[in-house]
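All values below come from the heavy atoms of this structure, side chains included, with hydrogens, waters and symmetry mates left out.
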Number of protein chains: 2
Amino acid sequence: MLKEERHQLILEEVTRHNKVRSAELCRMLKVSEDTVRRDLKELADQGIVRKVHGGAVANSLIPQEYREHTIDHIGQKRAIAEKALSLVQDGQVIIIDGGTTNFELVRLFPESLQATVFTNSIPIAGELCSHHGIELFLFGGKVLKNARVAVGMDVLHFLSELYADICFIGTRSLHAGLGISTTRREEAQVKRKLAEVSAQVVALVTSDKIGTLQPFRVVELEQVHTIVTELPPGDPMLKPFLDRGVEVL
Amino acid sequence: MLKEERHQLILEEVTRHNKVRSAELCRMLKVSEDTVRRDLKELADQGIVRKVHGGAVANSLIPQEYREHTIDHIGQKRAIAEKALSLVQDGQVIIIDGGTTNFELVRLFPESLQATVFTNSIPIAGELCSHHGIELFLFGGKVLKNARVAVGMDVLHFLSELYADICFIGTRSLHAGLGISTTRREEAQVKRKLAEVSAQVVALVTSDKIGTLQPFRVVELEQVHTIVTELPPGDPMLKPFLDRGVEVL
DNA sequence: AAAAAACACGCAAAAAACTGCAATTTTGTT
DNA sequence: AACAAAATTGCAGTTTTTTGCGTGTTTTTT
């Protein structure tokens, strides 16, 4: 195995878990501890990781608290949110699902916007509390703590009595053939219902999620009216969606 | 576990609760007390925390005064929350109403606490999302943006199917003759229901609210089992409550 | 004042890191 | 192709770091 390959893998591991143990790497890469140590030293000299006794940690020694703010692909997400902003209008009833991209969207809501928002996301609700023009409703239920959203029968029940003009659906995976899918059944149920009661369904999604698949189907592509990505609408990656009649921003 | 990891976790804990007990860390990190002590010493030497007997406290870069002003009477509220902490136990079903004093209470929840929490408060839900031991349920409904709580029929409906061991009720006004009252009818409705379905009703309240009155009645004093203030239980201000058989911490 | 909890110091075992060195592979040049 | 220089890798021995434990001291609580 090439040294560069090892460095690549180490980097992957360290960005993924924020730490690495030398012993683990040693097993993983099938090289001696010395080699691992030397690799780590090189990466440390480049300032990419910080070497500690027993392994290395990601060089963002910014405490956990800030990690919430260091959202992946933040630039992309903000660009998407800006495009999506053109879809919301005064007087609408808007459903906003969880997810960091959607969070960026509500942060961009102008102070002048007058609308009614329903959400199952705790951070989004918190953010909108300080927005004067928004009338805010929260879906209650069991909370998925990692996603910070409510799920369960109560949400479904609440939704069954609702009609919305537009729904921004959080999107983990988007596939031209198979539509939107996600990692948890409860989440999928809720998302499906969100889409069902909305006149327009919008998916804000970074391009790295396009073409991927998760175990639980949310909705078919036919039920998605608009997708917004950071790519220009003409990008070949988006061709399949345009062909199927989806609006692409 | 890497030493750096421990340091990270300790830091998280200390920024979260503003303090940390060595014994707690010891359980949490599965290392000996000596190791914890050494960790704390290192962090203290770096000026990140301040070591005190029994643990460490945050060495806040933000001057104390600033924080004092962000929440009124923060010192009092924290003192109250600390007293109230003795009321919560593993395995309980806990309802927590909104309010800054209640927020301080959940911030003090030890990492080891295992319980089921129901809340209508968005900030409290957000805080508890990063608490491993808590199973969290959120009451949905219309959001009162200034209080950041959900109210309305949906909350009442949710509550009608629930029994809780203990309820911490947010208290704007507490009067020995007339019980708890508040400024909005919708809030009062919800609070009354919260109290109704709970075996023990606790009011965390700063002394400046004692004897005041608001337009909407929440519950009579007979329905309040425990009140917690920053005053010593023997304070004459609390005499009327003791006389009426309310437990006072 | 007594008991309990927290602390500090030193020690020893284990793990990890460093050092120098030799074997092997890669690279560059004639 | 041939050969030398450079880089890479693993090994053995030594040093450093980490960690838990025992012992005794200090601090806190009752």
d([atom1], [X]; [atom2], [N]) in whole Å:
X       : N      : atom1 : atom2 : answer
A:Arg27 : C:dA16 : CZ    : C1'   : 16 Å
B:Lys3  : D:dT17 : NZ    : P     : 9 Å
A:Glu42 : D:dA7  : CD    : P     : 11 Å
A:His53 : D:dT18 : NE2   : C1'   : 6 Å
B:Glu4  : D:dT19 : CD    : P     : 11 Å
A:Arg21 : C:dA17 : CZ    : P     : 10 Å
A:Arg37 : D:dC11 : CZ    : C1'   : 12 Å
A:His7  : D:dA7  : NE2   : P     : 15 Å

Check for a donor-acceptor pair, side chain of B:Gln200 on one end and backbone N or O of B:Thr226 on the other, with a separation under 3.5 Å. no
Say whether [X] and [Y], considering side chains only, have a donor N or O and an acceptor N or O under 3.5 Å apart.
X        : Y        : result
A:Lys77  : A:Thr100 : yes
A:Glu230 : A:Ser207 : yes
A:Ser22  : A:Glu33  : no
A:Gln214 : A:Ser173 : yes

Nucleotide nearest B:Arg6 (side chain, heavy atoms from C-beta), chosen from D:dT19, C:dA17, C:dC7: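 Given the options D:dT19, C:dA17, C:dC7, the side chain of B:Arg6 is closest to D:dT19.
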List, with names and distances, any nitrogen or oxygen atoms from the protein found under 3.5 Å away from nitrogen or oxygen atoms belonging to nucleotides 20-22 of chain D.
unit_1, atom_1, unit_2, atom_2, d
D:dG20, OP2, B:Ser32, N, 3.2
D:dG20, OP2, B:Ser32, OG, 3.0
D:dG20, OP2, B:Thr35, OG1, 2.2
D:dG20, N7, B:Arg38, NH2, 2.7
D:dC21, N4, B:Asp34, OD2, 3.2

Show me the donor-acceptor pairs within less than 3.5 Å that the side chains of residues 86-95 of chain B make with the rest of the protein, sequence neighbours left out.
unit_1, atom_1, unit_2, atom_2, d
B:Ser86, OG, B:Lys83, O, 2.8
B:Asp90, OD1, B:Gln114, N, 3.1
B:Gln92, OE1, B:Gln89, N, 2.9

Using a cut-off of strictly less than 4.0 Å, decide whether B:Ser22 has a side-chain nitrogen or oxygen near OP1 or OP2 of C:dA6.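 Checking C:dA6 against B:Ser22, no side-chain N or O comes under 4.0 Å of OP1 or OP2.
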Contacts of B:Phe137 that satisfy ring pair (Phe, Tyr, Trp, His ring centres under 6.0 Å) - sequence neighbours left out: B:Phe118
Return the pairing partner of D:dT30 with a 3.5 Å limit on both distances, Watson-Crick or G-U wobble; otherwise return none. C:dA1
Applying a 4.0 Å non-hydrogen cut-off, can you work out what A:Lys51 is touching in the nucleic acid: base, sugar-phosphate, or nothing? sugar-phosphate
